[in-house]
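A short write-up of the structure that comes next.
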There are 2 protein chains.
Amino acid sequence: MPRKADATQPTAPETPARRSPCPVACALDLFGDRWTLLVIRDLLLGRSRFKDFAASPEGIPTNILSDRLTRLLESGIVSQVPVEGGKRLAYELTEKGRALKPVLAAMKEWGLRWEEGTQVGLESRS
Amino acid sequence: MPRKADATQPTAPETPARRSPCPVACALDLFGDRWTLLVIRDLLLGRSRFKDFAASPEGIPTNILSDRLTRLLESGIVSQVPVEGGKRLAYELTEKGRALKPVLAAMKEWGLRWEEGTQVGLESRS
DNA sequence: TTTTTTACTTGCATTTTGCAAGTCAAATGA
DNA sequence: TCATTTGACTTGCAAAATGCAAGTAAAAAA
């Protein structure tokens, strides 16, 4: 009798399983780390290419960046679109991703108010 | 000639140094991980004791909880107050900590809107 | 067609997690 | 008062995630 290569249960394509039904906890399952929201910040600022994210002043390691972009694609926060007249792809926020703007805005306000020496603008090493 | 035990430079009491002046990045330096904002969520819900945070449905490991509470104290987001008529201390948000409410609120709204099956309430295992 | 640039991948060393199992003072109860 | 029980942490790892520094390969530019 023919069989599939292995006998593991066909549980869904391996999303690590959420920790609780709390919307905050679920959100953190998707972007609760030191880098993901910085990539989303860059996307909200209009950046769209790997090198642009890598050039942000925080200096995200490229292997981490690669991993975070993959996850953001998987969770539907980011999508890829072909760059006009080329074969490369650019990243952009989906509606779900753009809906994070209030989160970033609140964090920005909090940082400006409570963390001495923070400021916006001037965001591009290289 | 008498000397201090070691010759390391007296650089400030070792706060890991921020990655950039961006307010979002600075905020993430303080609570950019999978657990810290859940502790703050619990505090906003009125919980104040170690065991209460540990009893939240996400099940934070106690060593991590201990570490996060220490950092939150160090960054001035949380403070400790004696429990009435006892020697134990309870945790509570400072003004700086309460100012994170809009961040949590935005994340909650986002989660409820975009993550299927999320819901508020029912937050207490044990 | 050669040279650059862009977008990643690989290989580690180090750090951070997560889990289970202590420890010990404070609160409770008999 | 003294024995238990609870609360608040520590400790000890194994496993996973991070952070470099270097590669690599396809696209774009020269």
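Every value quoted in this text rests on a predicted model; they were computed, and no experiment measured them.
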Original post:
CD1 of B:I60 versus C1' of D:dT10: gap in Å, rounded?
Top reply: 15 Å
Subject >> Short N-O contact, A:D52 and A:R47, less than 4.0 angstrom >> reply: no
**OP:** Supply the atom-to-atom distance A:R19 CZ to B:I60 CD1, rounded to the nearest 0.5 angstrom.
**Re:** 8.5 Å
Subject >> Closest to side chain of A:N63, choosing from D:dC20, D:dA8, D:dG12 >> reply: D:dC20
Original post:
Do the charged groups of A:D33 and B:R34 touch, with an N to O distance under 4.0 Å?
Top reply: no
Original post:
Does anything in residues 24-68 of chain B pair up under ring-ring contact (aromatic ring centres under 6.0 Å, His included), and if so which pairs, sequence neighbours excluded?
Top reply: A:W110-B:F31
Subject >> Backbone N/O of A:S66 and side chain of A:T70: donor-acceptor pair under 3.5 Å >> reply: yes
Original post:
Does OP1 or OP2 of D:dA8 have a side-chain N or O of B:T62 closer than 4.0 Å?
Top reply: no
Original post:
Applying side-chain hydrogen bond (donor to acceptor under 3.5 Å, both in side chains), which residue pairs with at least one partner in residues 92-102 of chain A are found, sequence neighbours left out?
Top reply: A:K96-B:E115
Original post:
Can you list, by residue number, the residues of residues 68-89 of chain A that have a non-hydrogen atom closer than 4.0 angstrom to DNA chain C?
Top reply: A:R88
Original post:
Are the side chain of B:S20 and the backbone of B:C22 linked by a donor-acceptor contact shorter than 3.5 Å?
Top reply: yes
Original post:
Step by step, would you call A:E58 with B:R18 a side-chain contact (heavy atoms from CB on, under 4.5 Å)?
Top reply: CA-CA 9 Å; A:E58 295 82 14; B:R18 50 174 67 149; over 6 Å; no
Subject >> Closest-nucleotide 5' rank along DNA chain D - winner of B:F50 and A:P61 >> reply: B:F50
**OP:** Any chance you could lay out the side-chain contact (heavy atoms from CB on, under 4.5 Å) test for B:V83 and B:L89, step after step, and finish with the verdict?
**Re:** CA-CA 5 Å; B:V83 170; B:L89 297 174; over 6 Å; no
**OP:** Can you pull out how bent the helix from C:dT1-D:dA30 to C:dA30-D:dT1 is, comparing the axes over its first five and last five pairs, to 10°?
**Re:** 30°
Subject >> Contact boundaries on DNA chain C for chain B, cut-off under 4.0 Å to non-hydrogen atoms >> reply: C:dT17 to C:dA27
Original post:
Rounded to whole angstroms, how far apart are CD1 on B:I64 and C1' on D:dA8?
Top reply: 16 Å
Original post:
Under 4.0 Å: is that the gap between some side-chain N or O of B:Y91 and OP1 or OP2 of D:dC9?
Top reply: yes
Original post:
Are A:R34 and D:dG19 close enough that a side-chain N or O sits under 4.0 Å from OP1 or OP2?
Top reply: yes
Original post:
Could you give the CG-to-P distance, from B:L65 to D:dG7, as a whole number of Å?
Top reply: 14 Å
Original post:
CZ of B:R19 versus P of D:dC20: gap in Å, rounded?
Top reply: 11 Å
Pairs under 3.5 angstrom only: tabulate donor-acceptor contacts from the side chains of residues 73-81 of chain B to other protein residues two or more places apart or in another chain.
residue, atom, partner, partner atom, Å
B:S75, OG, B:R71, O, 3.0
B:S75, OG, B:L72, O, 3.4
B:Q80, NE2, B:Y91, OH, 3.4

Subject >> B:G111 backbone acceptor or donor facing B:T118 side chain under 3.5 Å >> reply: yes
